[in-house]
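Position 1 is the first residue of the sequence; numbering continues from there.
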Amino acid sequence: MHASSQRWGFDRVGRVWACLCVCVMFPGPDMDAIPASDPLRDLIEAHGVQCHEEGAWLRLGQTGPRARAWYVQPSGTNPEQFVQLDVEVELWAGRSLGESFVGIGASPTEARQSAYQSFAAGSLHVLLGTLLIAPCEHITVAEWNVGGIPRRVFLGQIVTRSMGESDASPPEWTDSLKGALESLPLTTGAHWLRIYFAQSDEEVMKLEVLLDNEEWPELQAALANAPWPKAQGFLSHRLFLVLQGGR
């Protein structure tokens, strides 16, 4: 499994980032949202997928899913340093996937670039590899037993954010995730799963488990005692994956 890391060297941003990470959800665009589909188009087309405009949406390929993106300002943050990027992918009519990313930088431009870097590292390749093109070297494809039924799993990079040097070794908690899924039932078809963990000075701040953008309390409880990393200062792990198959 691959990993991607971002590190900051000043403590104030780390504290604010820690606060943001425990409250970012996918709200849907509102009147204050700023369209962000142009950089989304550039990013997707850089991976060999042509986009076609359909109003505020981008059609990925000729017959693929649609996607759109926008920026919002997280409450109580400095717009010169922070921004939230929301990306929505309409898989088919009535079923959409949403992902949110906070960006931090010394300017609004750097903050937006930071948010898109997190999206590219953690979710983009999984989405492209499951919906449009062959999986690439940035994702791991495996077969796991979920509820006793074999499933094909597409795992993105574990995106790490920290205030210091992060451990480059593979996170041990992914084995706990695989083991916990063996006993949890899941309906047939494609599902997306996001795991987010944050700690500060070896104290757990947040553990969030979302299945299809909804809380999955059973898996969250099963992961509560997983071997999560401990570090001085702020450290977070974020993993996005797609599960396919079942019967």
Going by distance alone, is a donor N or O of one side chain under 3.5 Å from an acceptor N or O of the other, for [X] and [Y]?
X: Glu172; Y: Ser176; result: no
X: Glu137; Y: His125; result: no
X: Gln84; Y: Gln73; result: no

Is there a side-chain contact between [X] and [Y], using heavy atoms and a 4.5 Å cut-off?
X: Thr174; Y: Ile158; value: yes
X: Pro39; Y: Tyr71; value: yes
X: Glu215; Y: Leu210; value: yes

Considering all heavy atoms, the nearest [X]-[Y] contact:
X: Phe240; Y: Gly122; answer: CB-O, 3.6 Å
X: Trp216; Y: Pro185; answer: CZ2-O, 4.1 Å
X: Phe101; Y: Ser123; answer: CZ-OG, 3.5 Å
X: Val102; Y: Ser114; answer: O-OG, 4.5 Å
X: Ala33; Y: Pro35; answer: O-CD, 3.8 Å
X: Ala115; Y: Leu85; answer: CB-CB, 3.7 Å

Residues 219-230 side chain polar contacts: donor-acceptor under 3.5 Å, at least two apart:
unit_1, atom_1, unit_2, atom_2, d
Gln220, OE1, Val209, N, 3.4
Gln220, NE2, Leu207, O, 3.2
Trp228, NE1, Leu223, O, 2.8

Judged by atom type as modelled, is there a donor-acceptor pair below 3.5 Å linking the side chain of [X] to the main-chain atoms of [Y]?
X: Arg151; Y: Ala190; answer: no
X: Gln199; Y: Gly233; answer: yes
X: Asp201; Y: Gln232; answer: no

Within this structure, what is the [atom1]-[atom2] distance for the pair [X] and [Y], rounded to the nearest 0.5 Å?
X: Leu60; Y: Arg66; atom1: CG; atom2: CZ; value: 11.0 Å
X: Trp192; Y: Leu241; atom1: CH2; atom2: CG; value: 12.5 Å
X: Ser236; Y: Lys206; atom1: OG; atom2: NZ; value: 13.0 Å
X: His237; Y: Ser162; atom1: NE2; atom2: OG; value: 8.5 Å
X: Asp212; Y: Ser96; atom1: CG; atom2: OG; value: 11.5 Å
X: Gln244; Y: His191; atom1: CD; atom2: NE2; value: 10.5 Å

Out of Val89, Val242, Val126, Leu97, which one pairs with Leu131 under the side-chain contact (heavy atoms from CB on, under 4.5 Å) rule? Val89

Do [X] and [Y] belong to the same hydrophobic cluster, where Ile, Leu, Val, Met, Phe, Trp and Tyr are linked whenever their side-chain heavy atoms lie under 4.5 Å apart, directly or via other members?
X: Leu127; Y: Trp92; value: yes
X: Trp57; Y: Leu132; value: no
X: Trp173; Y: Leu211; value: yes

Stepwise side-chain contact (heavy atoms from CB on, under 4.5 Å) check, Phe197 with Val204: CA-CA 8 Å; Phe197 167 83; Val204 175; 3.8 Å; yes

Show your reasoning for whether side-chain contact (heavy atoms from CB on, under 4.5 Å) applies to Gln62 and Gln50. CA-CA 8 Å; Gln62 293 294 332; Gln50 192 70 26; 6.0 Å; no

Between Glu54, Glu53, Glu90, which is the residue that forms a salt bridge (charged side-chain N to carboxylate O under 4.0 Å, His left out) with Arg59? Glu54

Determine, step by step, whether Ile44 and Leu124 satisfy the side-chain contact (heavy atoms from CB on, under 4.5 Å) criterion, reporting the C-alpha distance in whole Å, the side-chain angles of both residues, the deciding distance to 0.1 Å, and the verdict. CA-CA 8 Å; Ile44 293 173; Leu124 175 66; 4.2 Å; yes

Does this structure show an ion pair linking Glu208 with Arg194, if we count only N-O contacts that are shorter than 4.0 Å? yes

Kindly indicate, with the supporting measurements, whether the criterion side-chain contact (heavy atoms from CB on, under 4.5 Å) is fulfilled by Arg112 and Ile34. CA-CA 11 Å; Arg112 292 180 178 185; Ile34 301 172; 3.7 Å; yes

Residues Ser118, Arg238; criterion side-chain hydrogen bond (donor to acceptor under 3.5 Å, both in side chains); working and verdict: CA-CA 10 Å; Ser118 293; Arg238 188 184 196 278; over 6 Å; no

